[in-house]
Amino acid sequence: MLVLLFSQDSNFTKHTDLPDLPACFQLSVLPWAPCIFLWLTSPFYIFYLKRNNRGYIMMSILNRIKTVLGLILWIVCWTDLFSSFHEMSQNQLKPPVYFVTPLVLGMTMLLATFLIQFERLKGVQSSGVLFIFWTISVLCAIMPFRSKIMNASQAEVSNDKLRFTMFYIYFGLTLLQLILSCFNEKPPLFSSVVTDPNVCPETTAGFLSKMTFWWFTRMAIKGYKSPLENKDLWSLNKHDSSELVVPNLLNEWEEQAAFRKAGPGAEPNHVSVSPEEEEVLLSKRKEARQPSFLRALLRAFGPYFLIGSAFKLLQDLITFVNPQLLRMLIAFTKQPQAPSWWGYSLAFLMFSASLLQTLILHQHFQYCFVTGMRLRSGIVGAIYRKSLVITNEAKRSSTVGEVVNLMSVDAQRFMDLTTFLNMLWSAPLQIVLALFFLWQNLGPSVLAGVAVMVLLIPFNAFIAMKTRSYQVEQMKYKDERIKLMNEILNGIKVLKLYAWETSFKQKILQIRQKELHVLRKASYLSALSTMAWTSAPFLVALTTFAVFVTVDVNNILDAEKAFVSLSLFNILRFPLNMLPQVISSIVQASVSLKRIQGFLSHDELDPESVDRRNNASEYAVSVVNGKFSWAKQDQAALDNINVMVPQGSLLAVVGHVGCGKTSLVCALLGEMEKLEGQISIQGSVAYVPQQAWIQNATLRDNILFGRPYAEQKYRCVLEACALTPDLEVLPGGDQTEIGEKGINLSGGQRQRVSLARALYSGADVYLLDDPLSAVDAHVAKHIFDNVIGPEGALKGKTRILVTHGISFLPQVHNILVLVEGRVSEMGSYQDLLKQNGAFAEFLRNYSLEDIIEDDDVTDLLVDDEEEEFPDDALSNHTDMVDNEPVVNERCNVSVCVLQVKLKVYWEYAKAVGPLLSLFICVLYGCQSATSIGANVWLSEWTNDALLNRTQDRVHMRVGVYAALGISQGVLVMFSSFTLALGKIQAARKLHQTLLDNKFHTPQSFFDTTPIGRIINRFSKDIYVIDEVLPSTVLMFLGTFFASLSTMIVIIFSTPIFALVIGPLALIYFFVQRFYVATSRQLKRLESVSRSPIYSHFSETITGTSVIRAYGRNTAFVLLSDMKVDENQKSYYPAVFSASFLQSSVSHDLQKSVTMSLNWMVRMTSDLESNIVAVERVKEYSETVTEAPWIVKDKQPPPDWPPKGNVEFIDYSVRYREGLDLVLRNISLEVKGGEKIGIVGRTGAGKSSMTLCLFRLLEAADGEIVIDEVKISEIGLHDLRSKLTIIPQEPVLFSGTLRMNLDPFEKYSEEDVWKVLELSHLKKFVSNQPSKLELECSEGGENLRCLVFKKKKILLLHQNGTKLGKGFGACCVNIKKTLIMIHKVLFSCDRVLVLDKGKIAEFDTPTNLLAQKGIFYGMAKDAGLA
C-alpha cells in the first residue's frame, strides 16, 4: 500500500520544490511508529526494572507535571476518537484509520504515564526508553505539523477545527514531555548518592548526558584548569568494585574447579578409605573435566559484555547506510533537474548517520572498557586470594616476580582484549555485508576480491601461530627478569657489600637480550602482518576493479561505481585490519589465560591438616606419628614426630642448624605437607617467625594487627617487650610510619614488635621461632623474664620456644631435642642431663663464651634508624606507598606540569636513533603520497567514462593503479621494519640506562623507596615501552599522515575548503589540549596508584604464614581490594575521557576529514598517555649515583691490603646532607690480625662504622686508611671486593648453592667444600642429592649460609644464633683482622665501646670490666658480671 501511495504521489513527495507526505501515511505510519517502539520495549523494560530496584523516589514537581501531561495527552488522543464516533453518528463516514490511530495513541499515552510512575517507584532518575519514545513521537509529528501549516488556508481546516486544534495541543505536549525527560529526578532515598560525598556523576546523569558522556565535563574542566589530585577522583560505582566483582568471579571459578573433585558435588573427604574405593575415586578424577577459567570469566562477565555487543551490532548495520546515501548523492549530482532540498536532505542524513554511529560506537566501547576493568579487578583479586593459600610446592613454581607479572601484564592483556573482542564476530559480519553490497554494485567481479581475502587467511594464521609461540617464550623471559630483579632489589645491600653488582647485572642483561631477541622476531612478524592488512583492502579493490573492466567491454567504471565501491572497501579495511590483530590479541590472551589458570589451579594448603577443635584434652598441642615434607614428592623433613605439650607449659625446641626446628613450627601451623599422623592444637595461635615480618603501617597498627586498641593492655605489652624506650627515640612515637620491610627499625626492634604483636593477640598457644636471636643479651633476658618465662606475661599459656639460647633452658618445663628431623629425646632440663644423651653432648660442646655470643644478634640495618630517618622523612612515609614519594620522586603528582615536556619525546627519539626516527617519518610520508596518488589516479580513471575512452586505457589505468598500491604496501613494510628496529633499540637503551643507574644508586635510595615502585618501572613501564608505545607511534604516524593526505586531496579538489581548515584545526587543537590535560593526569594517577597493589602483594607474600596463623586472611584481602579499587578510580574516568573527546569532536561536518582528525586526536592523546612510561623510566634513570666502582689511576695493588691495618682519623659521618652526625671525630687504630669487638647500646653508631668501611656512607669529615691507602680515593669495587662482611641476614638468590657462594667462579670446588665445612654446613649439603648444585629458593628461604672471600679484613655484623652453634670455634681459627659488632663480647683482643657516636671506652675486656664503666654496666644488665 505504501509503495502504491508513493508511486502515485512521487511528484507530490519528491519531484517538487515543496515536498509533502501522503495524508494516509501521516495518519497511520508516523503516529504508529513511536507506539510500536514503546509496546515492544515495555515488557522487557518492566522486567528489567523489577530485577533492578534502585530504591524509592519521592513524588516531585517534575514527576507530577510529567504525569499530568501524560494524562492530558491521553484525553487529547481520545477526544479525536470520540470526535470520530460523533461524526459517525452524524452519518459522516470516516476511514478506519481515524478510529485506530487515536485509540492506539491514547493507550500508548496511558502506558507512558504508567511507566513514569513505575520508574519513580523503582528509583529511575532518567528514563532512556521514554526519552527515545518522546523523541520518535516529536520527529514523527514534525511532517504533519508542517503539512497542517501549509494547508492552514484550505477549506478542510475550517471543517475540521477540532482535530486541527487537538493535533497542535498533542504536538506541543509531546515536545514539552521530550524537554522534561531531559531533566533528572532526585536520587532514590537512602542511595549511595546521598551518603557518598564524592559519588560518580554518572550514577545521577540523565539519559542524554550518558549517551554523550556530558557528565564527564566537570572533571575535564577541573583537569584543564589545574592538575587533578586523588581527592578529585569520584568513588567507584558499587557494581564495578572488587567487593562485588571478585566474589562473583570466584563463585564461577569454584563451580568450574568442582569438576576436578572426585565426582559431581562431592565434598572433600579426609576420612581414610579402602584401596579399592581409592582406585574408584582416582578413576573418576581422571574422567573429570579440567576446570576452565575462560568459562568462569564468560559466566561472570559475559552478560554485561553482551549489551556492548548489541550496540556493536547496531553500529555495524548503520555503517552501511552511508555508502547507500553516497550512491544517492552521486546520482543526485548527475540530475541537474533534481530539487536542491533533496541534496541537502541526503547530506543531513549522512551527517546524522555518522553522528548516531559515533554515539552508539562509544556506548559499545564503554561496556567493553568497563568489562575489561571488571576483568582486571576480578583476576587480580582471585590471584591475591589464591596466593594466601597456595602450598610451599606451588610457591616454588610461582615466584613473586611471576605472580606480579600475572597481576600486571597478563591481567592487562585481558583488559586490552575486551575493547576489540567483538571484532571476532563483527569483522566477518562487516565483511559479508560489504561483499553483498559490492556484489550489487560490481557483480561477480567481487569474487576476485574474495579470492584475495581467502588467500590472505593462511598467511595471517601462520603469523598468529608464530606470534603465540613467541609470546610464550617472551613471557618466560620477562618472568625470569622480574623474578631476578625482585631478588636483586631485596638483596641490594648484600650485592653492594660483596661488590657483586657486575655479575648480577650481566645475568639481567643476558635474560633481557633473550627477551629482546624474541621481541625482535615478533616485531618482524608484526611488520609483515601490518603490510598484509594495509595492502589487503587495496589488493581486493585492485583485483575487483581489474576483473570488472576486463571481463566485459560493457563494464564501465564510472564515479558512482568507483566511489561507492571505494566507500565499501574502506569499510572493509577496518575489519580486515582488525581481524588479524584481534586474533593476535586472543592468542596473547590465551597464553595469559593458561598462565592464570595454571596458578589458580595450584594445590592449596589443607585447612583440615591441623585439628583446631577444642576437645577436653590435657594437651594443648599434640603431634602423633607425624611425618611432614615441604612438598608431596620431597623426602620427609620431619619423621616419626610424637610431641605432647601440656596446657600452660613452656616447651623449648633445640638442635643443630638444619635439624628441623623451624620445620616443626611450620608443621604445627599447617604450612607443611602432612604425609602421616595427626596434629591437634586447642585454641587460637600466635606466631613469631624467625625473620620478623613488619607491615608498611604505623608501629601501633603492627602491634594491634587488626585488634581493638585497649590502652592498659597495650602499655603492658610495650613494657614487657622492652619497646617503651624505643618509642621515645622514634619521631612519631607509636604512630611512626614503618617503611617497607620495617626498613626504619633495627633488627632487634623488628623482632620485639613481632613479639609484641603475639603478646597483644591474647592467643591460647604461642609458637615462638627463635624470637630472642636479634635482641641484645640484656633485652633477651628482660623479654624471657617478663614475657616467655615461667613468671612472664604468658605464664599459664602454652608456649613452644625454638631457641639457641642455652642459658634459658633450665627455666623451661620441657625440652625437645631434634636431630636430623627426628625427636631424639624430650624431657626436663635435669632429666635430659641425667640421660647423658644427645642433649648433654650438645651442652658440653659449648662454653659460656659461646652462649653469650649466641644470645646476641642484631640486624644488619643497624641501630641509628632514628637518625637515618629524621622527622621530615618519616612524616612523609605514608606517601612512599600510597602516593608517589615526596622524598624520591621529583615530579610529585600533585604538582606535575600539565604538559609532557618535548624533552621526553626527544629522549625516546634519541633512544630510537635520531636519523632512524627521521627515516621512519619520511617512509610514512612516502606511503601517504602513494595513497594520494592511487586515489587521484582512480578519480582520473572514472573520468574516462565521461569522455568515452575507457577501453583504450584499461591496461594502462590498471597497471599504474597496481604499481601505486604495491609500492604503498612495500613502503608500509619498510616503515614497519625500521620502526621495529627502532623500538628494539629504544627498549634496549632505556632498560640499560635504568638498570645501570639502579646498580649505581646509593643504598639510601633503596632504604626510602618501596621496592614495588622500582619493580613497577621494570615491569609495567618497560612493558609499555617494549610493546604498547611502538604500536601507538605506528598508529599515530599512520593517522597523522592520513589526516594530512586527506586534507591535501580535499584542498586540491575543493580549494575553498582551505578557509575552513584553519578554524577547524584550532577547534581540534583546543579540544585535544582540553582533553589531554585531564587524560594525562588520570594516566599518571593510575600509574601512581598501581605501585601500592604490587607493594602490598609482595609484603603479603613474605608474611603469608603470619597472616594465616593469626587468621587475618579476610582483612588483607579487603586491603588488597581497596588498593585495586583505588587504582580503578583513576582508570574509570580515563576510559570516559576518551569517549567524551570523541563525542565532542564528532559533531563537525566534512566526514572524511573529521574521521581522520578524530583518530589523530585520539592517537595523539594515547601517545601522550603512553610516553609517560618513558618519563617515569627516565626519571629513575637519572637519580643521584654513588662514587665510581673503579678509579683507574687510584687502583690499589692486587695483594692490597697486605697486613690488614685499619685506621680511623678524626672521622665523622652523617646519613644525608642536612642531618646530624651519627659518628663524631672517631680516631682509632687496629693492627692487622687483631680481633676488635664493637659494642654499645641501640643508636650508639656501631653499624654506622661498618657502613663507613664499605663506603655505603660517605665521610662528612676525616679519613679511613687501610694499609696506607685512603679508602675515599679508590673505587668502590676495589674497596668492597677486598673486605668481607657476614651480615646477620645474608640474602640467597634463586640459583645453585655454588652460584650463591662464588658468583664469579673464582674458587675451586675444593675451596667451596672447605668453607662449607668451616661453616658447619658440609654434612647438610652432602646429604642433598644435588650437592653444590642444590637449588636455592627465591629469597633463600630453604637455606642460610656464610659467604666466603679470602680477604685480610673480616667484619662479623652481629651474627650469632642464625649461624648456629660452633660459630665461636670458627672465629677463634680466623687469622685476619676481625671486627665483630656485638653488644657484649669477651673473646676479642680489645673492645670498642661507642656512645652517641663517640668513642667512650677502648681497651681489653678485662680492663674495661675493672673500670666499671659502660661496658661493665652492659655486662651486668645481661647477668654476666
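All heavy atoms count here, side chains included; hydrogens, waters and symmetry mates do not.
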Just jot down the ring-ring contact (aromatic ring centres under 6.0 Å, His included) partners of F131, sequence neighbours excluded, or say none.
F207
Please name the pair of heavy atoms, one in P1133 and one in L233, separated by the smallest distance, quoted to 0.1 Å.
CG-CD2, 4.4 Å
Exceeds 12 heavy-atom contacts within 6.0 angstrom, atom NZ of K222
no
Distance alone, cut at 3.5 Å: any donor-acceptor contact between the side chains of S354 and N322?
yes
What distance do M350 atom CE and Q324 atom CD have between them, rounded to the nearest 0.5 Å?
11.0 Å
Could you verify whether a donor N or O on one side chain and an acceptor N or O on the other, from R374 and N248, lie under 3.5 Å apart?
no
Reported CZ-to-OG distance for the pair R64 and S60, which is rounded to 0.5 angstrom:
7.5 Å
Given the rule in the side chain to side chain donor-acceptor pair (under 3.5 Å) test, do N198 and S235 qualify, once you have shown the distances and angles that lead to the verdict?
CA-CA 6 Å; N198 207 13; S235 302; 5.5 Å; no
Can you find a heavy atom in the side chain of F171 that is under 4.5 Å from one in the side chain of I142?
yes
Would you say N63 and E185 are linked by a side-chain donor-acceptor pair, where the criterion is simply a distance under 3.5 Å?
yes
F82 vs F85 aromatic rings, parallel, tilted or perpendicular, using cut-offs 30° and 60°?
tilted
Is any side-chain heavy atom of M328 closer than 4.5 Å to one of W342?
yes
Report yes if some heavy atom in the side chain of D240 is under 4.5 Å from a heavy atom in the side chain of N237; otherwise report no.
yes
Set out, in order, the CA-CA distance, both residues' side-chain angles and the distance that settles side-chain contact (heavy atoms from CB on, under 4.5 Å) for L115 and L38, then state yes or no.
CA-CA 10 Å; L115 283 176; L38 194 63; 3.9 Å; yes
Pair F305, L298 - check side-chain contact (heavy atoms from CB on, under 4.5 Å), show working.
CA-CA 9 Å; F305 184 72; L298 291 174; over 6 Å; no
Using modelled atom types only, decide if a donor and an acceptor are shared between the side chain of T1078 and the backbone of A220 within a distance under 3.5 Å.
yes
If you define the side chain from C-beta out and look only at heavy atoms, does anything of F437 sit under 4.5 Å from P323?
no
Correct closest heavy-atom pair for T113 and L71 would be OG1-N, 3.9 Å
Q1128 side chain vs M373 backbone, donor-acceptor pair below 3.5 Å:
yes
Do T204 side-chain atoms and P201 backbone N/O form a donor-acceptor pair below 3.5 Å?
yes
Distance, nearest 0.5 Å, that separates CD of Q315 from OG1 of T358
8.5 Å
Give, for atom OG1 of T174 and atom CG of L105, the distance between the pair rounded to the nearest 0.5 Å.
10.0 Å
Test your reading of the model: is there a side-chain donor-acceptor pair from S209 to the backbone of W215, 3.5 Å cut-off?
yes
Can S127 and E119 be said to form a side chain to side chain donor-acceptor pair (under 3.5 Å), step by step?
CA-CA 8 Å; S127 172; E119 284 174 341; 2.5 Å; yes
Is there a side-chain contact (heavy atoms from CB on, under 4.5 Å) between H364 and C368? Walk through the geometry before answering.
CA-CA 6 Å; H364 154 249; C368 292; 3.2 Å; yes
Assess the side chains of S84 and R163: does a donor N or O sit below 3.5 Å from an acceptor N or O?
yes
Would you say that S309 contacts L306 through its side chain, given a criterion of any heavy-atom pair below 4.5 Å between the two side chains?
yes
Under the ring-ring contact (aromatic ring centres under 6.0 Å, His included) test, residues paired with Y367 that sit two or more places apart
Y304, F311
Verify whether the ring centers belonging to F164 and Y168 lie closer than 6.0 Å.
yes
Report yes or no: do Q430 and S426 form a side-chain donor-acceptor pair below 3.5 Å?
yes
C140 and P34 have their tightest heavy-atom pair at SG-CD, 4.1 Å
So do K50 and F47 actually touch side chain to side chain, heavy atoms under 4.5 Å?
no
Please determine, by modelled atom types, if T108 and W39 share a side-chain donor-acceptor pair under 3.5 angstrom.
yes
Non-hydrogen atoms of L236 and S241 that approach each other most closely:
CD2-CA, 4.0 Å
Would you mind reporting whether F301 and V245 have side-chain heavy atoms less than 4.5 Å apart?
yes
Before accepting this row, confirm whether a basic side-chain N of the pair K312/D316 lies closer than 4.0 Å to the acidic partner's carboxylate O.
yes
Interatomic distance, F332 atom CZ to Y344 atom OH [nearest 0.5 angstrom]
8.5 Å
Would you say that more than 12 heavy atoms from the other residues, nucleotides or ligands in this model lie under 6.0 Å from the CD of E202, or not?
yes
L313 and L429, any side-chain heavy atoms less than 4.5 Å apart:
yes
About how many Å separate CD of Q125 and CD1 of I57, when rounded to the nearest 0.5 Å?
5.5 Å
Which residues pass the ring-ring contact (aromatic ring centres under 6.0 Å, His included) test with F114, not counting sequence neighbours?
F118
Is it true that, when you exclude I61 itself, more than 12 heavy atoms of the residues, nucleotides or ligands shown sit nearer than 6.0 Å to its CD1?
no
Mind checking whether F167 and F145 have parallel, tilted or perpendicular rings, split at 30° and 60°?
tilted
Nearest heavy-atom approach of Y170 to S137 is OH-CB, 4.3 Å
Flag, side chain of T101 to backbone of L27, donor-acceptor distance under 3.5 Å:
yes
What verdict does the side-chain contact (heavy atoms from CB on, under 4.5 Å) test give for N441 and R327, after you've listed the backbone C-alpha separation in whole Å, the side-chain angles of each residue and the deciding distance to 0.1 Å?
CA-CA 10 Å; N441 204 30; R327 183 200 301 277; 3.2 Å; yes
Nearest atoms (heavy-atom pairs only) where C77 meets P102
O-CB, 3.2 Å
Are more than 12 heavy atoms, taken from residues, nucleotides or ligands other than M107, located less than 6.0 Å from that residue's CE atom?
no
Answer yes or no: is there a donor N or O on one side and an acceptor on the other, between the side chain of Q26 and the main chain of P31, under 3.5 Å?
no
